[in-house]
There are 2 protein chains.
Amino acid sequence: MGSKRPARREFLKSGAALAGGFTLGAAAPAIGQTPASPAMIKGDKDYIAYGDRSRFVTSVRIAHGGRPSPDAFGLVFHVAAPLQDSVGVITPSSLHFVGTTRGSYIPEIDPREHRLMIHGMVDRSLTFTMEDLKRLPSVTRLHFIECAGNRSSRRAKTVQETHGMTSCAEWTGVLLSVLLKECGLKGGASWFVAEGSEEVKGASSIPLAKGMDDCLVAYAMNGEAVRPQQGFPLRLMVPGFEGIFHSKYLRRIKVVDRYYMNYNDYGHLDQEPKVAALGFQIGPKSVITFPSGAQQLPGRGSYEISGLAWSGGGAIKKVEVSTDGGKRWNNAEIKGTAQRMAHTRFSYQWNWDGQETELQSRCTDEIGQVQPSRAQIAKYWNKPFDATFSVPGLDNSIQPWRVASDGSVHNGNA
Amino acid sequence: MGSKRPARREFLKSGAALAGGFTLGAAAPAIGQTPASPAMIKGDKDYIAYGDRSRFVTSVRIAHGGRPSPDAFGLVFHVAAPLQDSVGVITPSSLHFVGTTRGSYIPEIDPREHRLMIHGMVDRSLTFTMEDLKRLPSVTRLHFIECAGNRSSRRAKTVQETHGMTSCAEWTGVLLSVLLKECGLKGGASWFVAEGSEEVKGASSIPLAKGMDDCLVAYAMNGEAVRPQQGFPLRLMVPGFEGIFHSKYLRRIKVVDRYYMNYNDYGHLDQEPKVAALGFQIGPKSVITFPSGAQQLPGRGSYEISGLAWSGGGAIKKVEVSTDGGKRWNNAEIKGTAQRMAHTRFSYQWNWDGQETELQSRCTDEIGQVQPSRAQIAKYWNKPFDATFSVPGLDNSIQPWRVASDGSVHNGNA
């Protein structure tokens, strides 16, 4: 330290290429001269009790698809997270995506009145209050939830529209296995059904093996109580499974000996138990969040390409980025330690030459699953990969972002 | 799975001891009978854009010491986080403690106008816009910030009062070393001074070795922009150092060749550079957040003792809990992987026999530092450990919580 190391000016080395590069000090206030003091705002009592963000920060959730869309079961209202503004791996609770069958109506539950009953093929049924649950050993884990409907389309313009139905939070609660052991499992028990307090109850059949492995009865997210839109006061976490299994307002778990098709299964789950059991898990998936659709690069030069990767199969082991439409793939940097079934932030430092190109990312998870391209998925399903193609089932395809020579960024699937 | 395992009913095994134990299913709604549907609330447009917590969740920050306290430099207004309600290791941004010299007045900065200038003993001064900074390689790290004034007293009743001036968040930004390398360091450069936009500027001298190691120029926390009360749009993170070094509204860094005493150093920093350089770092510290002062245990039985541990010396390696006033120490469980200079959640499963006792926790960090008792600190400073004793300097002493036979919990230092 202390020695001159001009050779280390790595980002300015590319000098002229860095359009809008850092300003030399001369253009800033002279040394020793104090810049003008900024305006002051006065926080009121509420602001001291529970702070808020700056009025200059306007990132918000949007209705998925731009509008509420009714289906056979009533009003389905999905709200997508602004991934284009995301940093790190935590989704702020206020911006966590919402998938619901109740539109913007949310059950309002007094936690003192809430109960979780476990019954069915158990030695004895038990009912837990919130206080009971908080006395048991807790775990805290970073996990994503993704809606099965999270998919890219030709119509979508932004990453919020293509991928905003996934979010990640630090969840705290009791392992479901702890509760099931308290009840005692009867011979033959092999599935369980979880029911929440929504009118459409979110009840789904889940393999008991999953319940005894890593399912979590969560009462907190991101350091405070689970938010009402996420199932306050209690949510079932089924790490790596489709979002619909993560029942909100969890009030009942029934241990059963077979797979049941339930009211809330939407018909997208397979009627065959074995196929269904294998089809629940989110595949390896990644997306570049910057630069992404509808964003604008100010000019050629150095940028940090940044994005998220996740998989129902476990921890992300590798992320690759292509800056030439998939011809060459470069290893991206994984930020920090990748957690199992959690968003993982990756980055790749890129020097844009100002020419039109296409950016892509693909990930590999700890069990070796590799994120496929849409062309590979079409081939797998033996369908022509043309303008009519849409991914059947869960869509974990590679998302291409086309960068035009004017720096504008567009959906490469459009 | 599927076999009866009554022996695994670990928590109910202690049967009668678990006062208020889980209710057998018979007391709950009969199996197959649907509990009454809860009331529904309708989220408005704002609620869809940016969600809020349940009205049943009322955990809030409080003014530290219960009131604003004026000092020689004006109104000092510290706001403490409600650690008694904390779970996991993330402090929600709305509940992150605030240390400020400006009371509830907060600089309101338009990020498009904000600049960071680096000057002094560098080859060339540079000025960065927020956009410049976001194009550089980013890092995301979990770090605590703790105010040097975070200390237990005889007067304090709750853990919010004794320890609420520490919080932990996922911070994202650019390593200061990246910026300093861009500027190029001159021979003899050995310290730097960081200045924010507060009227009392938070300028403090920091060893350049720390700046080249792990200091972070942070533009985001917990997945969104840094909050105004935390320095929006830019905060200097100095991991493990006293909170006062984490300059908010960061606008200028001057590289210098000596230690400066600055306006905002409060006189609590040593005038001797070598002493000061060693005195900046937060010692190993832990506290039990449940059960803690002013909480009430409903009766004897099984409880999860839960708390937080952290150290300026690196990652927490061990936490021990005593349930008999420090006579015997038991290894606590560390939840997840302890991060460097970050809150670490620990727990210890405890069966309370209903007798009066005292709970304590102590931690050891990765460089072997062990959290001391107040008696040990008194001995170190060669002072009598009596009713007049208060910890000189930073207070990282063991916090005792006295549990009375009626289940009420009290500050053991009182």
Side-chain angles (χ1 to χ4, degrees), chain A residues 2 6 8-9 12 22-23 25 28 31 38-43 48-51 54 56-57 60-61 79 87-88 90-92 94 104-109 111 117 119 125-128 132 135 137 140 170 172 181-182 184 187 189 197 212 220 222-225 227-229 232 303-304 335, chain B residues 1-2 4 6 8-9 22-23 25 28 31 38-43 48-51 54 56-57 60-61 79 87-88 90-92 94 104-109 111 117 119 125-128 132 135 137 140 170 172 181-182 184 187 189 197 220 222-225 227-229 232 303-304 335:
Chain A
R8 291 222 180 161
R9 288 182 202 153
L12 277 174
F22 322 126
T23 312
I31 292 168
M40 290 281 180
I41 49 170
K42 186 173 187 324
I48 290 164
Y50 195 73
S54 165
F56 291 105
V57 179
V60 293
R61 298 185 295 198
V79 179
V87 284
I90 298 284
T91 308
S94 293
S104 49
Y105 286 90
I106 302 147
E108 184 175 51
I109 298 172
M117 179 170 67
H119 66 123
S125 306
L126 288 177
T127 299
F128 301 87
D132 289 338
R135 289 173 68 168
T140 294
E170 183 197 84
T172 296
K181 286 173 191 169
E182 290 297 328
S197 298
M212 293 298 286
N222 292 339
E224 59 184 350
R227 291 290 183 84
Q229 290 173 315
F232 178 84
Y303 293 93
E304 182 180 59
K335 309 280 189 181
Chain B
M1 195 186 324
K4 280 191 181 191
R8 291 223 179 160
R9 290 181 201 151
F22 322 127
T23 313
I31 292 168
M40 291 281 181
I41 50 170
K42 187 173 187 324
I48 290 163
Y50 195 73
S54 164
F56 291 105
V57 179
V60 294
R61 299 185 296 200
V79 179
V87 285
I90 298 284
T91 308
S94 292
S104 49
Y105 286 90
I106 302 146
E108 183 176 52
I109 298 172
M117 179 168 69
H119 66 123
S125 306
L126 289 176
T127 299
F128 299 87
D132 291 339
R135 290 174 66 167
T140 294
E170 183 197 85
T172 296
K181 285 173 190 169
E182 289 297 328
S197 297
N222 291 341
E224 61 184 347
R227 290 290 182 85
Q229 290 172 313
F232 178 83
Y303 293 93
E304 182 179 59
K335 308 280 188 180

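We name chains A, B, ... by the order of the sequence lines, and we start the count at 1 in each one.
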Engineer: Is B:Glu224 in contact with chain A via its backbone, its side chain, both, or neither, using a 4.5 Å heavy-atom distance?
Structural biologist: both

Engineer: What closest approach, in Å, do A:Glu108 and B:Phe56 show between heavy atoms, and which atom pair accounts for it?
Structural biologist: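 Looking at all heavy atoms of both residues, the shortest contact is CG-CE1, 4.0 Å.
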
Engineer: What part of A:Ser54 lies closer than 4.5 angstrom to a heavy atom of chain B: side chain, backbone, both or neither?
Structural biologist: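 Both backbone and side chain.
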
Engineer: Out of A:Thr140, A:Val57, A:Thr91, A:Asn222, which one racks up the most heavy-atom pairs below 4.5 Å with chain B?
Structural biologist: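 Among A:Thr140, A:Val57, A:Thr91, A:Asn222, the one with the most close pairs to chain B is A:Asn222.
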
Engineer: Where does A:Phe232 contact chain B at under 4.5 Å (heavy atoms): side chain, backbone, both or neither?
Structural biologist: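 A:Phe232 touches chain B through side-chain heavy atoms alone.
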
Engineer: Heavy-atom pairs under 4.5 Å with chain A - which of B:Gly223, B:Ala220, B:Pro111, B:Ser94 has more of them than the others?
Structural biologist: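 Ranked by heavy-atom pairs under 4.5 Å with chain A, first place is B:Ser94.
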
